Amino acid sequence: MTAKDENDRTSILNDARDSATSRDFIREIIDADLKVNKNNSRVHTRFPPEPNGYLHIGHAKSICLNFGIAKEYRGLCNLRFDDTNPSKEDVEYVESIQEDVRWLGFDWDDRRYYASDYFEQIYDYAIQIIEAGKAYVCDLSPDDTRQYRGSFTLPGKDSPFRNRSKEENLDLFTRMRAGEFPDGLRTLRAKIDMASPNINMRDPVMYRIMRAEHHRTGSAWCIYPMYDFAHPLSDAIEGITHSICTLEFEDHRPLYDWFLDQVTVACHSQQIEFARLNLSHTVMSKRKLLELVQEEHVAGWDDPRMPTLAGLRRRGYTPEAIRNFCETIGVAKRDSMVDIALLEHCIRQDLNKRALRVMAVLRPLKVVIENYPEGQVEELDAVNNPEDPGAGSRKVPFSRVIYIEQDDFRENPPPKYYRLAPGREIRLRYAYFITCTGVVKDDKTGDVIELRCTYDPQTRGGDAPDGRKVKATIHWVSAQHAVPAEVRLYDHLFTKANPLEDENADYRTYINPQSLEVLKNCFVEPCLAQAAYGSTYQFERLGYFCADPDTTKGKPVFNRTVTLRDEWAKVEKKQKG
RNA sequence: UGGGGGAUCGUCCAAUGGCAGGACACCAGACUCUGGAUCUGGCUAUCUAGGUUCGAAUCCUGGUCCCCCAGCCA
C-alpha cells in the first residue's frame, strides 16, 4: 500500500466520520476493518426482511442503519427478502416492503434479491456439507428432536440417525427434494455437537420438508432451508461484508460462522448485533401487530395508529422526520424503550418548517358579530407559514357569522384562561378584536349554543391603532364560506408506556379506548376544499393534520398527525390536580 | 439452572485512564397576532463492594439486577 492510498483511505474515513453525527459501535467496527483493509476495504450491507408482515418503525431503524452505513462509506446495501418459509409469506408483503423502503428515501438500485433466488446454490452447499460428513438426514419426529436436544442444563443426546453413511445421507436428501417423503418426516441436520452449551449448535436443522406454495418458486421445492443455514450463505453469495442484525441472533453467530467455514465462499461476512427499537405506548412485534389487524382493534396495517411505516405515512409522518428520529435514538446493544414523545418531537420539528398554516374549527361554536354589516364579506390576508417567508400568504373570507372553537370560550373562565369569556376582548386571527356581549343557551340543556359579540372596525387585520393589547388570539372560520370536513383525532394506541410490562395481563387490555375520536362536524377554511391526499397542514393552535385517502370530493377527511405543544393544556391539567 | 449479552440523568445516546456531555421530557422566565415557533436559565445519572492509579464511567476482582436462547419460525 502506498502512502497515497493510505491518505485516500484516511480521508474517506474522515469524510465518513464527518457525515455521521456520532460514532456508534458498529461504525467503529467498520472503521477498524477499513484500517486493516479487511474485505479490500469494501463495505456492503443488506436489509433482509421476511415478507410476512408490514415494515414498522423498528425496521426503519435497521433500514437507516444498513442503507445509511452503505452511503456513508460509499458502499452498497442490498434489499433481500428472506423468504425461506413459504407458509407465512406473501407477495402483498414484498410489495408493501418495497414501497416503504423507497418511501423512507432509500434505493437498492438493481440489487433486489430473494433468498429463494439461491435455493439451488444453497442446496448444492448442503450437498457439499453432507459429502464432508458434516450433515445427516434425521428421521426423528419434531417431538423427539426436541427431547433429544436436551435443555439449558442437560446436554442433548445424539440422534440414532447421526451416523448414517454419506451415501445414505445423499440418497435420502436427494429423495427429500424429489418429494418422496411426507411433510415433517425427515430433516437434514448439521452434525456439530449435541453437548454444546449453546443450544443452537446441537445439530440444528438445515432443511425441512414442507409442501407450501412459495410466492416466487411456486411448487418447485418441497424442502426449504432454515434461516440459520440460508442466511449466512445468502450473505456470502452477495458479498456482504457486515451482516447487521438484532440482539436475539447473538447466540446464532457461532452457527453463522460454522456454516461459512464448512463451504468454500469468497466472502465471510461478519455478523454484528444491535438492540432492536422499542417505542413506548405501542407494540412492535409482527405477531402482535398482525393480531391487532386481524382482531380489528385497528382498521388495517395502515391504520394511522399503527407503528407501521404505512400507518405512520397515513398519519402524516414524513420520511425526513422518521430518518431524523432513527439518527437521534442512536445504536447500541442495551435494551431500551424510547419515549414516543421523541418521535412526536421529530415530526413537529419537521412539519413546523414546512406545513402550511390554515384555520379549522373542530368543535364549532357559532358567533354572531352584531355590529358587523349583514351581507358584507371581507378578504383578509393570512400568512401561510411564519417559519417560511417563501410560502407567501392567502386571502381568508370574513363575515358576520363565524365559528370558533368551543374550547376557546368559557362562561366562567378559570384563572390563567386568556381566551373569550363574557365581556372579554380577544383577537380573531388576522381579522378583528371582538368582545363577547352575550351568550345564547339551549333552553333544555343549558349548553352555550351561540355567542353574541361586537367587533372593533379599527382593528382590521388584528392590530389596534390605540395600541391596546389582548391576551389571546383565536382561530375562526366564516360560516357562509366554511367547508364541512371530517377530522380524525388519534392518540397513543396503548394507555401504558409498556403494554407488555405486566406479565399477568394481556397487552390488549391496555389498548387505549380513546385512541381514535372521529369528529364529523368540523369546518375548515375554503382553501382546504380540495386538499389532496398526503398534503400536510398545521391547523393553527391545534396541531398538524394531513388529508386522508378517505377524502371525497365534497368532504375532505383529515388525520391529526400530532398536536401542537400546548401550554394551556398543562396549566389546565395542573388546575384539575 | 447451562450458554450468550447488557447495566451512565425520568427516557435515549455520548465520553475509549484526564472537567460526566447532547437530545427528549420536565420546571422557571423572555418574546409572540398560534398558550405554536424561537430564546434564556434550571433540574436530575456512572448498579454495588473492594482493588490498581496522581487520577476510574472506563482497567482488575467479587456480588446484584435486567434481556435473549430449549421452532422442522425469522
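Letters A, B, ... mirror the listed sequences (proteins, then strands); counts begin at 1. Bear in mind that the values here come from a model prediction, so they are computed numbers and not experimental data.
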*Using the aromatic ring of F152(A) (for Trp, its six-membered ring), decide whether it stacks on the base of C69(B) within the limits of 5.5 Å and 30°.*
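Stack criterion met.
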
Measure from the ring centre of W568(A) to the centre of the six-membered ring in the base of G35(B), then say whether that distance is under 5.5 Å and the planes meet at under 30°.
-> yes

Donor-acceptor pair under 3.5 Å: do we get one between [X]'s side chain and the base of [N]?
{"X": "R419(A)", "N": "G35(B)", "result": "yes"}
{"X": "D335(A)", "N": "G6(B)", "result": "no"}
{"X": "Q538(A)", "N": "U34(B)", "result": "yes"}

The salt bridge (charged side-chain N to carboxylate O under 4.0 Å, His left out) partners of D139(A) (sequence neighbours excluded) come to R164(A), R186(A)

Taking only the [atom1] atom of each, what is the distance from [N] to [M] in whole angstrom?
{"N": "A49(B)", "M": "A14(B)", "atom1": "C1'", "value": "27 Å"}
{"N": "C27(B)", "M": "G6(B)", "atom1": "C1'", "value": "32 Å"}
{"N": "A70(B)", "M": "U11(B)", "atom1": "P", "value": "29 Å"}
{"N": "G42(B)", "M": "A56(B)", "atom1": "P", "value": "27 Å"}
{"N": "C60(B)", "M": "U53(B)", "atom1": "C1'", "value": "12 Å"}
{"N": "G22(B)", "M": "A45(B)", "atom1": "P", "value": "15 Å"}
{"N": "G36(B)", "M": "C26(B)", "atom1": "P", "value": "12 Å"}
{"N": "G10(B)", "M": "U44(B)", "atom1": "C1'", "value": "8 Å"}

Measure from the side-chain heavy atoms of [X] and tell me the nearest of [options].
{"X": "P386(A)", "options": "C12(B), G2(B), U34(B)", "result": "U34(B)"}
{"X": "L564(A)", "options": "A74(B), G3(B), G36(B)", "result": "G36(B)"}
{"X": "V338(A)", "options": "C12(B), G2(B), C73(B)", "result": "C12(B)"}
{"X": "P197(A)", "options": "C72(B), A25(B), G3(B)", "result": "G3(B)"}
{"X": "M226(A)", "options": "A70(B), C73(B), A25(B)", "result": "C73(B)"}
{"X": "T473(A)", "options": "U34(B), C69(B), A74(B)", "result": "U34(B)"}
{"X": "E250(A)", "options": "C12(B), G5(B), C72(B)", "result": "G5(B)"}
{"X": "D339(A)", "options": "U11(B), C73(B), A74(B)", "result": "U11(B)"}

My understanding is that a pair needs two contacts under 3.5 Å, Watson-Crick or G-U wobble. By that rule, which nucleotide pairs with [N]?
{"N": "U64(B)", "answer": "A7(B)"}
{"N": "C43(B)", "answer": "none"}
{"N": "G2(B)", "answer": "C69(B)"}
{"N": "C31(B)", "answer": "none"}

Q. Looking at C453(A) and C436(A), what are the two nearest heavy atoms and their distance?
A.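 Heavy atoms of C453(A) and C436(A) come nearest at SG-CA, 3.8 Å.
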
Measuring to OP1 and OP2 of [N], would you say a side-chain N or O of [X] lies under 4.0 angstrom away?
{"X": "K574(A)", "N": "A28(B)", "value": "yes"}
{"X": "H475(A)", "N": "U34(B)", "value": "no"}
{"X": "R149(A)", "N": "C72(B)", "value": "yes"}
{"X": "R429(A)", "N": "U32(B)", "value": "no"}
{"X": "K353(A)", "N": "A37(B)", "value": "no"}
{"X": "R334(A)", "N": "C66(B)", "value": "no"}
{"X": "R357(A)", "N": "U34(B)", "value": "no"}
{"X": "R146(A)", "N": "G71(B)", "value": "yes"}
{"X": "S336(A)", "N": "U11(B)", "value": "no"}
{"X": "T328(A)", "N": "C12(B)", "value": "no"}
{"X": "K333(A)", "N": "A7(B)", "value": "no"}

* Does the side chain of Q271(A) come under 3.5 Å of the side chain of E273(A) through a donor N or O and an acceptor N or O? -> yes

Indicate, with a heavy-atom threshold strictly under 4.0 Å, whether [X] touches base, sugar-phosphate, or nothing.
{"X": "V470(A)", "value": "nothing"}
{"X": "K416(A)", "value": "base"}
{"X": "Y224(A)", "value": "nothing"}
{"X": "E540(A)", "value": "base"}
{"X": "S141(A)", "value": "base"}

Problem set entry | Matching residue for L65(A) among T45(A), V331(A), I272(A) - test: side chain to side chain contact (heavy atoms under 4.5 Å, CB included) |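 Exactly one pass, corresponding to V331(A).
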
- Task: Identify which one of N85(A), D90(A), T84(A) satisfies the side chain to side chain contact (heavy atoms under 4.5 Å, CB included) criterion when paired with K88(A).
- Result: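 The single option meeting the side chain to side chain contact (heavy atoms under 4.5 Å, CB included) with K88(A) is N85(A).
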
Carboxylate-amine/guanidinium contact K395(A) E379(A), below 4.0 Å = no

Looking at R354(A) and D388(A), is any side-chain nitrogen of the basic one under 4.0 Å from a carboxylate oxygen of the acidic one?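 Salt bridge between D388(A) and R354(A), a charged N being under 4.0 Å from a carboxylate O: no.
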
Output for pair (D381(A) CG, R394(A) CZ), nearest 0.5 Å, gives 10.0 Å

